[in-house]
**Student:** 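Dropping a structure here in structure tokens format, bear with me for questions.
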Amino acid sequence: MNTVEEIKVLLQKNKSRLRQELMQSKEAMFLIKKSTHSKLTEEEKVKIKIQIIDICKSIPALAVFLLPGGSLLLPLLIKLIPDILPSAFRDDPKNNSET
């Protein structure tokens, strides 16, 4: 199986998680815009903080994946460092709840 096919399979497999992560990012952008003209609640601030941390976690995971052999190395890193995944991709049900 070539790399493009592998990526398609992974995307299909994680489609709902990707959708959830995108919705969370969209909500965070809305809250950031809102913060420019009004004060955010503590809950909104926590949501933004979590989403920014998730984005920061995604960047190194993507960089590892793009390295030669990264598609083999990334699953190993996820086993060793499970916190490298954004919250939508963790198996913990409390982190996968729809918001």
Side-chain angles (χ1 to χ4, degrees):
M1 188 182 302
N2 68 27
T3 306
V4 174
E5 290 174 4
E6 289 173 4
I7 292 172
K8 284 181 181 178
V9 168
L10 286 173
L11 287 175
Q12 186 64 28
K13 198 173 174 181
N14 292 304
K15 190 164 81 172
S16 65
R17 290 176 171 178
L18 285 169
R19 186 178 307 118
Q20 181 181 357
E21 191 64 35
L22 288 172
M23 293 302 291
Q24 290 173 351
S25 296
K26 186 177 178 180
E27 181 183 18
M29 290 304 300
F30 170 77
L31 292 173
I32 290 170
K33 285 180 186 179
K34 178 182 172 184
S35 72
T36 61
H37 56 81
S38 66
K39 192 168 183 165
L40 297 177
T41 66
E42 285 303 313
E43 181 183 344
E44 291 171 333
K45 288 178 185 179
V46 169
K47 284 182 180 183
I48 290 174
K49 181 179 177 183
I50 291 170
Q51 192 57 34
I52 289 173
I53 290 170
D54 280 353
I55 290 168
C56 291
K57 287 179 182 179
S58 299
I59 294 169
L62 180 60
V64 167
F65 182 75
L66 293 175
L67 291 172
S71 61
L72 300 174
L73 182 59
L74 190 58
L76 177 64
L77 280 176
I78 290 170
K79 287 257 188 214
L80 296 173
I81 313 169
D83 285 342
I84 197 171
L85 290 174
S87 60
F89 287 86
R90 291 191 206 125
D91 289 332
D92 187 359
K94 70 180 181 187
N95 290 328
N96 285 333
S97 62
E98 295 290 328
T99 53

**Student:** Is there a chain of hydrophobic side chains (I, L, V, M, F, W, Y, each step under 4.5 Å between heavy atoms) that links Phe30 to Ile48?
**Tutor:**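 Result: yes, single cluster for both.
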**Student:** State, yes or no, whether a side-chain contact exists between Gln20 and Gln24 at a heavy-atom distance under 4.5 Å.
**Tutor:**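 Result yes, sub-4.5 Å side-chain heavy-atom pair found.
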**Student:** Could you work out, with side chain to side chain donor-acceptor pair (under 3.5 Å) as the rule, every residue matching Lys34, not counting sequence neighbours?
**Tutor:**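 Once residues adjacent in sequence are excluded, the partners of Lys34 under the side chain to side chain donor-acceptor pair (under 3.5 Å) criterion are Glu44.
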**Student:** Please report the interatomic distance SG(Cys56) to CD(Gln51), rounded to the nearest 0.5 Å.
**Tutor:**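 So the SG of Cys56 and the CD of Gln51 are separated by 10.0 Å.
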**Student:** For the CG atom of Leu40 and the CD1 atom of Ile32, what is their distance to the nearest 0.5 Å?
**Tutor:**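 So the CG of Leu40 and the CD1 of Ile32 are separated by 9.0 Å.
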**Student:** If you round to the nearest 0.5 Å, how far is NZ of Lys26 from CG of Leu31?
**Tutor:**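 Answer rounded to 0.5 Å: 12.5 Å.
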